2 protein chains.
Amino acid sequence: MTVRRLSVYFRCLAHLEEDGVKTISSQELAARFHLNSAQVRKDLAYFGEFGIRGIGYDTAVLRAEIQRILGLDREWRVVLVGFGNLGSALFHYRGFARQGFRIAAIVDDDAAKIGRSVNGLVIEALAELPRVVKSQAIQIGVVAVPAEAAQGVADRLIAAGVRAILNFAPSRVKVPKDVRLQNVDLSIELENLSFHLGQGAR
Amino acid sequence: MTVRRLSVYFRCLAHLEEDGVKTISSQELAARFHLNSAQVRKDLAYFGEFGIRGIGYDTAVLRAEIQRILGLDREWRVVLVGFGNLGSALFHYRGFARQGFRIAAIVDDDAAKIGRSVNGLVIEALAELPRVVKSQAIQIGVVAVPAEAAQGVADRLIAAGVRAILNFAPSRVKVPKDVRLQNVDLSIELENLSFHLGQGAR
DNA sequence: TAGATTGTTAATCGATTAACAATC
DNA sequence: TAGATTGTTAATCGATTAACAATC
């Protein structure tokens, strides 16, 4: 939960820095997100002493610290598996690059797509995964295939040596404990929205 | 938080029902998600008495109850704003229809796209939003436009009369209190993944 | 020094879990 | 009736908030 809040602080600080704001207090930061100032201080203090008593936090310093804590100061090398609508959307999504996620390879199992070049990157065959992961020093596999194919793709990614899987397929996949799995599950968001809309109607 | 867990129970129960499992205990259900059985019972009891003492829960009955609670037994009418990569991916995403989200209209401000027909649905001009929302009885607006355009689109959707906004743009938008806003923020998921991968490396 | 704001300890609150009477 | 499992109350735990000494 703290990590999610750190993400939020980070984006806010980046904006403040752009706007030329030099320092900010936990009070001001908290007000922007309807949080308690003690919570903001505690979240930050957990990772170190970044503030100056009587002054607040140096915007640029704190932004850089959070960036480092979140691992946003380094690049992660990613293979995108599946170049259908979703895969294509993710490939063109700017946010990926902005967060340091560099799509270093694309694979698909559709013969019609293999060999096609997008932005200078050639789509490779799914069977080439082990070679691609190794030669491109890839750490993360992004699963953008239909639900039925997700587990199989995840297994192949892990066998090929990725350390983490970002799963966009609308299905849960199982991974060993030493592999980090992050699901981006649209269904849960839709159900959440549906629930709250339904409540409002009553 | 309970709603998120209900979503998970729902999917599990749907599977169990397909597999012909007639009843399930809170114990068994909890075991599947590494939860406490008391928590499962409490989550369910919050909405009514669905279980049978000494037996457990009737899979089909509980599935139907949760479906109703989550509002998944009815249809929500949706307008998709933006038919770029992301919009197109969302349009073809089966999960939408599966959860009862019926894309009843598509709008875009790109003249090259307006008038194009996808699966029998004609892409309309953004300016037509008020008419489209009214004539199609639309309740939810899905924002799939670039970050810079998101707030403007949200404002127009609200003015046109939608009750909820599902925002996929990588930017926070502000909405009045009576409009339900659900952000699907990929950045936070990426930062979460990045953080945990970074920790593992230390 | 006076005013402000941090980092942190103690108090509070809410959510999770254990325990058990009710009951199938 | 005996065994099992619910719904719910009471106990525990963790996260949030208030308060304040430290210090810029």
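The chains referred to below are lettered A, B, ... by the order of the sequence lines, with proteins before strands, and numbering in each begins at 1. Because the structure is predicted, anything quoted here is derived from the model rather than measured.
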Check: Any side-chain donor-acceptor pair under 3.5 Å between A/D43 and A/Q39?
Finding: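 Judged by distance alone, the side chains do not pair up.
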Margin query: For a quick check under 3.5 Å, do B/R11 and B/S7 share a side-chain donor-acceptor pair by atom type?
Written below: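 Judged by distance alone, the side chains do not pair up.
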Whether the side chain of [X] engages the backbone of [Y] through a donor-acceptor N/O pair (distance < 3.5 Å, no angle test) should be reported.
{"X": "B/Q151", "Y": "B/K174", "answer": "yes"}
{"X": "A/R163", "Y": "B/L197", "answer": "yes"}
{"X": "A/S25", "Y": "A/G56", "answer": "no"}

Notebook entry, point to check: Do B/Y9 and B/R32 have side chains that get closer than 4.5 Å, going by heavy atoms?
Noted result: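 Result no, sub-4.5 Å side-chain heavy-atom pair not found.
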Margin query: Measuring only between side-chain heavy atoms, which start at C-beta, is A/V107 closer than 4.5 Å to A/E128?
Written below: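 No; the side chains remain at least 4.5 Å from each other.
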Margin query: Which is more 5' along DNA chain C, the nucleotide nearest B/Q39 or the one nearest A/E28? Just name the residue.
Written below: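 Between the two, 5'-proximity favours A/E28.
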Note to self: Both B/A38 and A/I24 contact DNA chain C. Taking the nearest nucleotide for each, which residue is further toward the 5' end?
What the structure shows: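 Of the two residues, A/I24 wins.
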Next item on the list: Treat a base pair as Watson-Crick or G-U wobble with both distances under 3.5 Å, then lay out DNA chain C in dot-bracket form, 5' to 3', with | for cross-strand pairs.
Entry: ..||||||||||||||||||||||
Notebook entry, point to check: Is the shortest distance from a Lys or Arg side-chain nitrogen in A/R116 or A/E124 to a carboxylate oxygen in the other one below 4.0 Å?
Noted result: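 A/E124 and A/R116: not salt-bridged.
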Check: Earliest and latest nucleotide of DNA chain D, 5' to 3', sitting under 4.0 Å from a non-hydrogen atom of chain B?
Finding: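 Range of nucleotides within reach of chain B: D/dA4 to D/dA10.
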Margin query: Using a heavy-atom cut-off of 4.0 Å across all strands, would you classify B/F50 as base, sugar-phosphate, or nothing?
Written below: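 It contacts sugar-phosphate atoms only.
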Margin query: Mind checking if A/S37 touches a base, just sugar-phosphate, or nothing, with heavy atoms under 4.0 Å?
Written below: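 Result for A/S37 = nothing.
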Next item on the list: Find which nucleotide of DNA chain D each of A/D43 and A/G54 is nearest to by heavy atoms, and output the residue with the more 5' nucleotide.
Entry: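 Per heavy-atom nearest nucleotide, the more 5' residue is A/D43.
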Note to self: With nearest nucleotide decided by heavy atoms, which residue, A/R41 or A/T2, maps closer to the 5′ end of DNA chain D?
What the structure shows: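 Nearest-nucleotide comparison on DNA chain D picks A/T2.
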